[in-house]
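Each remark here refers to the structure printed beneath this line.
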Amino acid sequence: METLEYRFENGTRPLPAQPQPQVVGVVGSGNLEVLIESAPQRGACTIEIKTAAIGFGATWQAVMQDFQQRWQLADARIAINDMGATPAVVSLRLDQAVETMLTGAP
C-alpha cells in the first residue's frame with residue numbers, strides 16, 4: 001500500500017456540515033471508496049489516498065488537481081481507499097462524493 005497526501009489552498013466552495021463523513025463507492029478490485037467531510041482546513045482541501053497501485057503518484061496528482069480545479073473546495077477533508085481504480089473511476093467517485101454532500105442525498 002502507498003499513501004499519498006495532497007493539500008489545495010484557497011478553495012472558494014465550502015461543503016455543508018454533516019454529522020459524519022459521507023461515503024461513496026466500495027473498496028474492491030478495480031474500485032475505490034471516497035470519504036468526504038466538511039472540516040476546518042484554513043480554506044484548504046486535503047486529500048489522503050491509500051492505494052494498492054504503487055508508483056502512480058504523478059497520475060494521482062493530475063487527477064486530484066483536475067478535481068480541485070472543477071470544484072474549488074474549501075475546508076474539506078477527503079480520504080480515498082483505492083484498489084486499482086482507473087482515473088476515470090476516481091473522478092466519477094469524487095464528483096459523486098461532492099454532489100452527495102451538496103444535495104444531502106445518500
Side-chain angles (χ1 to χ4, degrees):
M1 293 295 284
E2 183 174 17
T3 300
L4 304 167
E5 296 179 355
Y6 300 94
R7 182 179 178 93
F8 298 98
E9 303 291 343
N10 304 316
T12 58
R13 182 184 286 179
L15 294 171
Q18 299 279 337
Q20 59 189 1
Q22 298 296 306
V23 179
V24 175
V26 177
V27 178
S29 179
N31 210 328
L32 76 156
E33 169 186 76
V34 175
L35 292 86
I36 186 170
E37 64 184 323
S38 176
Q41 303 286 319
R42 295 187 179 141
C45 173
T46 59
I47 304 171
E48 180 184 75
I49 301 162
K50 294 185 180 178
T51 179
I54 297 171
F56 290 91
T59 301
W60 278 104
Q61 183 171 355
V63 172
M64 295 305 104
Q65 285 176 325
D66 179 65
F67 165 75
Q68 184 60 9
Q69 285 176 351
R70 271 195 319 279
W71 290 100
Q72 294 294 311
L73 295 182
D75 294 320
R77 182 171 35 227
I78 299 171
I80 298 173
N81 298 309
D82 172 58
M83 290 301 288
T86 65
V89 171
V90 173
S91 290
L92 172 70
R93 293 285 181 243
L94 285 166
D95 288 347
Q96 286 176 327
V98 173
E99 289 170 6
T100 297
M101 287 291 289
L102 294 177
T103 64

Rounded distance [0.5 Å steps], CD in Gln18 versus CE in Met101: 4.5 Å
To the nearest 0.5 Å, how far apart are OG1 in Thr46 and CD in Glu5? 8.5 Å
Out of Leu102, Leu94, Thr12, which one pairs with Trp71 under the side-chain contact (heavy atoms from CB on, under 4.5 Å) rule? Leu102
Within-4.5 Å side-chain heavy-atom neighbours: [X] and [Y]:
| X | Y | value |
| --- | --- | --- |
| Ile47 | Phe67 | yes |
| Arg77 | Ile36 | no |
| Asp82 | Glu33 | no |
| Val90 | Trp60 | yes |
| Arg70 | Asp95 | yes |
| Phe8 | Gln72 | no |
| Val27 | Leu32 | no |

Is there a donor-acceptor contact under 3.5 Å from the side chain of Glu48 to the main chain of Thr3? no
Closer than 3.5 angstrom, by distance alone: can the side chain of Gln22 be matched with the main-chain N or O of Ala97 as a donor-acceptor pair? no
Can you check side chain to side chain contact (heavy atoms under 4.5 Å, CB included) on Ile78 and Leu35, steps first, answer last? CA-CA 6 Å; Ile78 299 171; Leu35 292 86; over 6 Å; no
For residues Val63 and Tyr6: do they belong to one hydrophobic cluster (side chain heavy atoms under 4.5 Å, members Ile, Leu, Val, Met, Phe, Trp, Tyr)? yes
On a heavy-atom basis, which atom in Ala53 and which in Glu2 lie closest, and how many Å separate them? O-OE1, 4.0 Å
Heavy-atom nearest pair, Leu15 first then Glu37, reads CD1-O, 4.1 Å
Check ion pair Arg42-Asp75 (N to O, under 4.0 angstrom): no
Within a 6.0 Å radius of atom CZ on Phe56, are there more than 12 heavy atoms belonging to other residues, nucleotides or ligands? no
